[in-house]
Participant: 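First the structure, which I've put down as structure tokens, then a few questions once you've had a look.
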2 protein chains.
Amino acid sequence: MNHALDHIVAALKAAREKKGMSQRELSSRTGLPQPKISNLESGSVDPRLSSLVALARALDLEIELVPRRALPAVETIVRSAERREVTKTTANEVRKLASALQSIGRTPIPRGIIDQTLNQLRMIEHFPLSAEQLEAIQKFNAVLKLSDADELDPATLNRHIKSVSGIRNQLAHNPPPALPPRPAYSLDDDEEEEDNA
Amino acid sequence: MNHALDHIVAALKAAREKKGMSQRELSSRTGLPQPKISNLESGSVDPRLSSLVALARALDLEIELVPRRALPAVETIVRSAERREVTKTTANEVRKLASALQSIGRTPIPRGIIDQTLNQLRMIEHFPLSAEQLEAIQKFNAVLKLSDADELDPATLNRHIKSVSGIRNQLAHNPPPALPPRPAYSLDDDEEEEDNA
DNA sequence: CGATTTGATACCTTATTCGATATCAATTGG
DNA sequence: CCAATTGATATCGAATAAGGTATCAAATCG
């Protein structure tokens, strides 16, 4: 495998992981078999363009040809978009959990606890979350989706609620830094290169 | 062939043509056989990533994965870079011609004509040229490179000199528009998309 | 008109992706 | 501890890109 290819491949893998998507889920969205995706990500194949495009589109990405001299500017914009992508994803996940909690009927635990958790979520929603924090929220969502919450094991439910409290405390005592105010790309550099034949 | 692939392929072909590079020249730079490049550009194959990367690099391009929401901004930057690429190329070509003319010894035509042409070139250098105009300059360069100019057919030389005058007159009477003052990309849009599972 | 350049086709052999399926080790969750 | 999920491997036939070489029609140019 060529070294230049890893760049693309690594970006695809990172994009999948950032979305919390498994290889099998990506497989079902693209039609590519899961083992193929594994091979691809490990850099042991030289994929065809159609495979790349299929994967990229399933991950909300496009393949673009960029003039070398425009690379710095483009990369700055891409990174900035990725940052926002993450925060949007987490916010959506948090809101989803809140609405799921709000709409449950009888619960195996006191109502007040649920309400308190909802308040915490309303705060959490406005922060960028770490990968671990996001994962915790997603797992809570997963169990609620499966079990409809009123027929849920009280211990399990309590564990998840505790993890929400934990996240709130982390954010309150150790808030993540805000986004940098201005991205540092430039359109107006002007180097001269000689090009004689 | 998939429709999504044409986008990349067409961009590669356009980039090659804009640089005035023949398929054979690109072939020798990349190691890919010329018929393969022809197939590729005609969209009749589904190339492997390594082929794409080889072609792209020979054309001063990089393959990048861009989040869909960042596409408008990225495309604006790419286009802006391409515009500057073109004007830089033409300026180089014009300067090359000027220096070639300046350094010729005995000429089959009056010295004053040569000097007048040099003056015209000094003006032309500062304009973005059309494809046809650029081509004319390149052809003049080509014959000078081959024949060392003092052993040149006077008629041929005169024809090229006339074409330079023609370009100057076109530019003087019908100047091309300047570049737009500010590219219209934005980093601060904020649409909401729903994403429920 | 003859010579050159350019892009397109055709043909071959070899190498490798593709697609499908099965399986395994490791991790995670109840 | 058992069950489920995840990513990695292996295998197999079919499809096809890669790589090389030869050739052709059209345009360009002297």
Side-chain angles (χ1 to χ4, degrees), chain A residues 1-2 5 9 12-14 16-17 19-28 30-55 108 132 135-136 138-147 151-160 163, chain B residues 1-2 5 9 12-14 16-17 19-28 30-55 108 132 135-136 138-147 151-160 163:
Chain A
M1 270 293 275
N2 193 311
L5 286 65
V9 163
L12 277 175
K13 178 173 183 175
R16 177 182 66 80
E17 287 174 343
K19 287 195 157 46
M21 202 180 297
S22 72
Q23 288 183 351
R24 281 188 170 80
E25 184 175 352
L26 185 54
S27 163
S28 78
T30 56
L32 302 183
Q34 175 266 327
K36 218 76 214 172
I37 297 178
S38 173
N39 285 339
L40 232 161
E41 288 185 350
S42 78
S44 61
V45 290
D46 182 5
R48 299 229 235 277
L49 178 55
S50 57
S51 303
L52 282 185
V53 169
L55 286 178
E132 296 77 18
E135 193 183 17
Q138 287 174 324
K139 290 192 172 169
F140 200 167
N141 266 324
V143 304
L144 286 186
K145 192 173 64 176
L146 290 185
S147 348
E151 56 191 33
L152 204 61
D153 169 35
T156 302
L157 189 51
N158 250 319
R159 188 161 49 78
H160 283 293
S163 83
Chain B
M1 272 293 277
N2 193 311
L5 286 65
V9 164
L12 277 175
K13 177 172 184 177
R16 175 182 68 78
E17 287 175 342
K19 286 194 159 42
M21 203 180 296
S22 73
Q23 288 183 351
R24 280 187 170 83
E25 184 175 352
L26 185 55
S27 164
S28 78
T30 57
L32 302 182
Q34 175 265 328
K36 220 75 209 174
I37 296 179
S38 174
N39 285 338
L40 231 162
E41 289 186 349
S42 78
S44 62
V45 290
D46 182 4
R48 300 229 236 275
L49 177 55
S50 56
S51 302
L52 284 185
V53 169
L55 287 177
E132 295 76 20
E135 194 183 16
Q138 287 174 326
K139 290 191 172 170
F140 200 167
N141 267 323
V143 304
L144 287 185
K145 192 172 63 177
L146 291 185
S147 350
E151 56 192 34
L152 204 63
D153 169 34
T156 304
L157 189 51
N158 251 320
R159 187 160 47 81
H160 283 294
S163 83

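The chains referred to below are lettered A, B, ... by the order of the sequence lines, with proteins before strands, and numbering in each begins at 1.
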Participant: How close do B:L40 and B:V9 get, heavy atom to heavy atom, and via which atoms?
Facilitator: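 Looking at all heavy atoms of both residues, the shortest contact is O-CG1, 3.2 Å.
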Participant: What is the distance from atom OG of A:S163 to atom CG of A:N158, rounded to the nearest 0.5 Å?
Facilitator: 11.0 Å
Participant: Give the first and the last nucleotide of DNA chain D, reading 5' to 3', that has any atom under 4.0 Å from a heavy atom of chain B.
Facilitator: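 The protein-touched segment is D:dA17 to D:dG30.
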Participant: Which atom pair, heavy atoms only, marks the closest approach of B:D46 to B:L5?
Facilitator: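 Closest approach of B:D46 to B:L5: OD1-CD2, 3.5 Å.
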Participant: If you pin B:R16 and A:R159 to their nearest nucleotides in DNA chain C, which one's is more 5'?
Facilitator: B:R16
Participant: Would you classify A:S38 as touching base, sugar-phosphate or nothing, given that sugar-phosphate means primed atoms plus P, OP1 and OP2, and contacts are heavy atoms under 4.0 Å?
Facilitator: base
Participant: Rounded at 0.5 Å granularity, tell me how far CD in B:E25 sits from CD1 in B:I37.
Facilitator: 10.5 Å
Participant: Taking all non-hydrogen atoms of both residues, which atom of B:L52 and which atom of B:P47 are closest, and how far apart?
Facilitator: CD2-CG, 4.0 Å
Participant: Looking only at the side chain of B:R48 (C-beta and beyond, no hydrogens), which of the listed nucleotides C:dT16, C:dT6, C:dA8 gets closest?
Facilitator: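 Of the options given, the side chain of B:R48 lies nearest C:dT16.
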Participant: Provide, to the nearest angstrom, the distance between the NZ atom belonging to A:K139 and the C1' atom belonging to C:dT28.
Facilitator: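 Rounded to the whole Å, the gap is 7 Å.
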Participant: In whole Å, what is the span from the CD atom of B:Q138 to the C1' atom of C:dT5?
Facilitator: 15 Å
Participant: Reading nucleotides 19-25 of chain C 5' to 3', which nucleotides get B (base under 4.0 Å from a protein heavy atom), which S (sugar-phosphate only), which -?
Facilitator: B-BBB--
Participant: Of B:K13, B:E41, B:K36, which is the lone residue that meets side-chain hydrogen bond (donor to acceptor under 3.5 Å, both in side chains) with B:Q23?
Facilitator: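 By the side-chain hydrogen bond (donor to acceptor under 3.5 Å, both in side chains) criterion, B:Q23 pairs with just one of B:K13, B:E41, B:K36: B:E41.
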Participant: Return the value, rounded to whole Å, for the distance between atom CD of B:Q23 and atom C1' of C:dT9.
Facilitator: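 Result: 12 Å.
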Participant: Mark yes or no for whether A:S44, through its side chain, and A:N39, through its backbone, hold a donor-acceptor pair below 3.5 Å.
Facilitator: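 Yes.
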Participant: Could you tell me the separation between the OG atom of B:S38 and the CG atom of B:L32, rounded to the nearest 0.5 Å?
Facilitator: 12.5 Å
